[in-house]
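Notes follow the structure.
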Amino acid sequence: MRIIVNGDTREVAASVLAEALAELGYADAVVATAVNESFVPTGARARTILSDGDRLEILAPMQGG
Amino acid sequence: MDFYGFTPRSRLFLGTAQYPSPAVLQKSVEAAGVDVVTVSLRREAGRLGGGQDFWALIRSLGVRVLPNTAGCHSVKEAVTTAQMAREVFGTPWIKLEVIGEADTLQPDVFGLVEAARILCAEGFEVFPYMTEDLVVAERLVEAGCRVLMPWGAPIGTGKGLNNPYGLRALRAHFPDVPLVVDAGIGLPSHAAAAMELGYDAVLLNTAVAKAGDPAAMAAAFARAVEAGRLAFEAGPMEPRDMAAPSTPVLGRALLG
């Protein structure tokens, strides 16, 4: 399945968000996620099903003013 | 001075962006003795992305974080970013920015009020980045904001307080709402001027991060903020147009 991860097209085998995150290398990372512009809390990742073409945003703490 | 139940020791809030290195950021935070810093959320490039190290550094500083919604141009973007920030940073605090104009980074005050209403209803403690407009301020307070953050000048310009009259009016109109001048501060004298107006705190980033010696500048700002606050509390004299001798006239010798 092809999804858009932080603006880049990626191929993932997992269809559940929590597994897709692990597959993409974010298993232990402190990140927040949104699918198709809607926030998905950590607790909901295991039951969030991804579909082909979904847009996934993975955000992390960064410097800010 | 009460920011949603939190009383910081320092009235200087510091941004964490644009420093030459993480070590310089750390030295600056320590030199200024600040206990509130702003942070943001950005796309993370994998498990070893820079965000993880940055977050570890901030946590090691023992400061309170104020996440922002910088770069958001719509209510939807700002609300979603705030929701994501609350989870990652573990705080209900949010510096709410809804940008309306690219050249000035001027807040879209209509979107700001709308986003503030949504976020306050969701239990966020909103620090709205706003213009110094009294009516907007009223609407934000009605929306549930218990702190207001008017700009001094556009972000990153270092121009200081563009509209001292408007800032003074805002202070007079909201004597009991904590007010923070956020953005546009370039020099410690600007920060002192904001504090002399009776503002509760000053939030700045570029003026320290882009200084030749950021840690030294952070210390300078800390002292300016303290001096300005002390001056406000001490009750400044009224300015006057005509000169008035400070040395007693009575008893002056006739020598010429």
Side-chain angles (χ1 to χ4, degrees), chain A, chain B residues 13-19 22 25 37-59 65-71 74 76-77 79-90 95 97 105 122 129 155-156 182-183 203-209:
Chain A
M1 174 171 61
R2 293 180 119 185
I3 59 173
I4 315 294
V5 180
N6 286 348
D8 294 327
T9 303
R10 301 285 297 268
E11 188 73 36
V12 291
S15 59
V16 173
L17 176 56
E19 291 165 18
L21 283 173
E23 190 181 329
L24 291 164
Y26 295 93
D28 305 319
V30 178
V31 291
T33 51
V35 175
N36 299 334
E37 289 86 50
S38 289
F39 170 51
V40 179
T42 305
R45 288 177 191 163
R47 59 173 186 273
T48 299
I49 308 297
L50 296 173
S51 304
D52 202 51
D54 274 352
R55 296 176 305 282
L56 171 59
E57 290 286 334
I58 305 170
L59 305 187
M62 205 60 65
Q63 296 83 352
Chain B
F13 299 172
L14 202 55
T16 56
Q18 306 182 85
Y19 291 81
L25 163 62
V37 300
T38 54
V39 293
S40 73
L41 280 180
R42 286 291 179 265
R43 286 172 166 175
E44 181 76 322
R47 184 168 40 84
L48 300 175
Q52 308 304 307
D53 289 343
F54 171 70
W55 186 219
L57 169 66
I58 294 299
R59 275 183 300 182
V65 294
L66 174 56
N68 68 28
T69 62
S74 72
K76 163 86 173 136
E77 261 185 306
V79 168
T80 304
T81 302
Q83 291 167 335
M84 297 172 86
R86 178 160 64 176
E87 182 180 87
V88 162
F89 295 109
K95 173 183 162 178
E97 294 183 39
L105 298 178
E122 289 185 12
Y129 167 60
I155 297 170
D182 174 14
L203 199 173
L204 56 94
N205 189 154
T206 311
V208 165

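- The two atoms that bring A:Gly65 and B:Ala17 nearest to each other are N-CB, 4.3 Å, heavy atoms only.
- By the 6.0 Å contact criterion, CZ on B:Arg59 is enclosed, its count of non-hydrogen atoms from other residues, nucleotides or ligands being greater than 12.
- Taken from OG1 in B:Thr80 to CD in A:Glu57, the straight-line distance is 10.5 Å, to the nearest 0.5 Å.
- Proximity to chain B involves both the backbone and the side chain of A:Thr42, based on heavy atoms less than 4.5 angstrom apart.
- Interface remark: of the candidates B:Val88, B:Leu203, B:Leu204, B:Asp182, B:Val88 forms the most heavy-atom pairs closer than 4.5 Å to chain A.
- Of the listed residues (B:Val65, B:Asn205, B:Leu41), the greatest number of heavy-atom pairs within a distance under 4.5 Å of chain A belongs to B:Leu41.
- No option in A:Leu59, A:Ile58, A:Val40 other than A:Leu59 meets the side-chain contact (heavy atoms from CB on, under 4.5 Å) test with B:Met84.
- Taking CD from B:Glu87 and OG1 from A:Thr33, the interatomic distance works out to 6.5 Å, rounded to the nearest 0.5 Å.
- Rounding to the nearest 0.5 Å places CD of B:Glu44 at 5.0 Å from CE of A:Met62.
- Judged by distance alone, with hydrogens and angles left aside, the side-chain atoms of B:Thr16 form a donor-acceptor pair with the main-chain N or O of A:Gly64 at under 3.5 Å.
- Heavy atoms closer than 4.5 Å to chain A are found nowhere in B:Glu77, neither backbone nor side chain.
- The two atoms that bring A:Gly7 and B:Arg43 nearest to each other are N-NH2, 3.7 Å, heavy atoms only.
- Ranked by heavy-atom pairs under 4.5 Å with chain A, the list B:Arg86, B:Gln83, B:Glu97, B:Gln18 is led by B:Gln83.
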